[in-house]
Amino acid sequence: MDVGGSGGGELRSSIKKWKIIYPVYLNSKKTVAEGRRIAITKACPDPTCIEIADSCAYLKIPCAIELDKAYPRDFFQVGRVRVQLVNDDGTPVNPAIKTKKQLMIQIAELVPKHHGRTKKQEAAVGSSTGTTSKPKKKNRK
């Protein structure tokens, strides 16, 4: 049992060296003073940790979600993602993405295309068209 605990400790210590991305860094609804780190034209509205992690997986970048951590400037914004940009030997994990800023811009481009967001938009469109068809069904009675 002690061996398993030390293995988890090793993983935890290696993850501590990874870069941190808070969702607020990519949020187009926030100002630079509130924590946005990329240009507003490249940012996306209200990204979540899950969307960021899925985008990292798509870009083949190892990541870990930490839902128990809060953004230091605003404790009500809970959750962050740790990403591994470089291997232990210093080489980039994904040669196309060398810096944290490049990664954040790539993620911000992918988040609006996330399957969870497209489902929400389709549901919103379906509910608005569904409300117009409901009165017609009542009239047919």
Side-chain angles (χ1 to χ4, degrees), residues 1-140:
M1 189 157 204
D2 191 34
V3 175
S6 66
E10 288 175 27
L11 178 66
R12 181 62 91 175
S13 66
S14 68
I15 286 177
K16 282 189 175 185
K17 296 174 185 171
W18 294 5
K19 302 290 183 187
I20 296 172
I21 296 179
Y22 288 97
V24 72
Y25 289 177
L26 315 173
N27 194 343
S28 63
K29 295 181 178 178
K30 298 290 180 183
T31 64
V32 172
E34 291 171 323
R36 182 173 41 82
R37 295 255 179 120
I38 60 174
I40 198 162
T41 55
K42 295 180 180 176
C44 60
D46 299 320
T48 64
C49 290
I50 287 93
E51 292 169 340
I52 292 170
D54 288 347
S55 299
C56 288
Y58 177 79
L59 295 168
K60 295 179 176 47
I61 295 199
C63 65
I65 300 173
E66 296 178 327
L67 292 174
D68 57 329
K69 303 293 183 179
Y71 183 57
R73 291 190 201 174
D74 183 2
F75 285 97
F76 296 110
Q77 294 182 18
V78 181
R80 68 183 183 190
V81 181
R82 284 195 182 259
V83 294
Q84 182 183 13
L85 286 178
V86 293
N87 296 314
D88 293 333
D89 61 355
T91 59
V93 174
N94 184 342
I97 300 169
K98 292 184 174 78
T99 66
K100 184 175 171 181
K101 192 156 200 157
Q102 285 177 334
L103 176 63
M104 289 191 294
I105 290 168
Q106 291 275 351
I107 291 170
E109 287 175 10
L110 291 171
V111 166
K113 301 171 192 167
H114 191 268
H115 60 85
R117 287 194 176 218
T118 53
K119 285 180 186 175
K120 287 177 192 172
Q121 290 171 351
E122 288 171 7
V125 170
S127 66
S128 65
T129 56
T131 54
T132 56
S133 63
K134 284 180 184 176
K136 291 178 184 176
K137 289 180 183 176
K138 288 180 183 176
N139 291 339
R140 290 181 184 158

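The closest donor-acceptor contact from the side chain of E34 to the backbone of K30 lies at 3.5 Å or more, if one exists at all. Proximity of a side-chain donor or acceptor of K19 to a complementary backbone N or O of T99 within less than 3.5 Å is not detected. Checking side-chain atoms of R82 against main-chain N and O of K16 turns up a donor-acceptor pair under 3.5 Å. For N87 (side chain) and D89 (main-chain N/O), no donor-acceptor pair under 3.5 Å exists by modelled atom type. Side-chain atoms of K60 never come within 3.5 Å of backbone atoms of A57 as a donor-acceptor pair (strictly under, hydrogens ignored). Side chain of N27 to backbone of P45: no donor-acceptor contact under 3.5 angstrom is found. D54 contributes no side-chain N or O that, together with a main-chain N or O of H114, makes up a donor-acceptor pair within less than 3.5 Å.
Environment of CG in D88: sparse, with no more than 12 heavy atoms of neighbouring residues, nucleotides or ligands closer than 6.0 Å.
When every heavy atom of V83 is checked against every heavy atom of C56, the shortest pair comes out as CG1-SG, 3.5 Å. Residues I40 and S28 come closest through the heavy atom pair CD1-O, 3.5 Å. Residues G79 and C49 approach most closely at C-SG, 3.3 Å, considering heavy atoms. What you find for I15 and E66 is that their closest heavy atoms are CG2-OE2, 4.5 Å. In terms of heavy-atom proximity, K98 sits nearest to P92 at CG-CG, 4.3 Å. The minimum heavy-atom distance between L85 and I97, with the atom names listed, is CD2-CG2, 4.3 Å.
Here the NZ-CD1 distance, from K100 to I21, works out to 6.5 Å after rounding to the nearest 0.5 Å. Interatomic distance, C44 SG to I52 CD1, rounded to the nearest 0.5 Å: 7.5 Å. Taken from CD in E51 to CD1 in I107, the straight-line distance is 11.0 Å, to the nearest 0.5 Å. How far CG of L103 is from OH of Y25: 12.5 Å, rounded to the nearest 0.5 Å. Note: R117 CZ to T48 OG1 = 6.5 Å, rounded to the nearest 0.5 Å. Between atom CG of residue L59 and atom CD of residue Q106 there is a gap of 5.5 Å, rounded to the nearest 0.5 Å.
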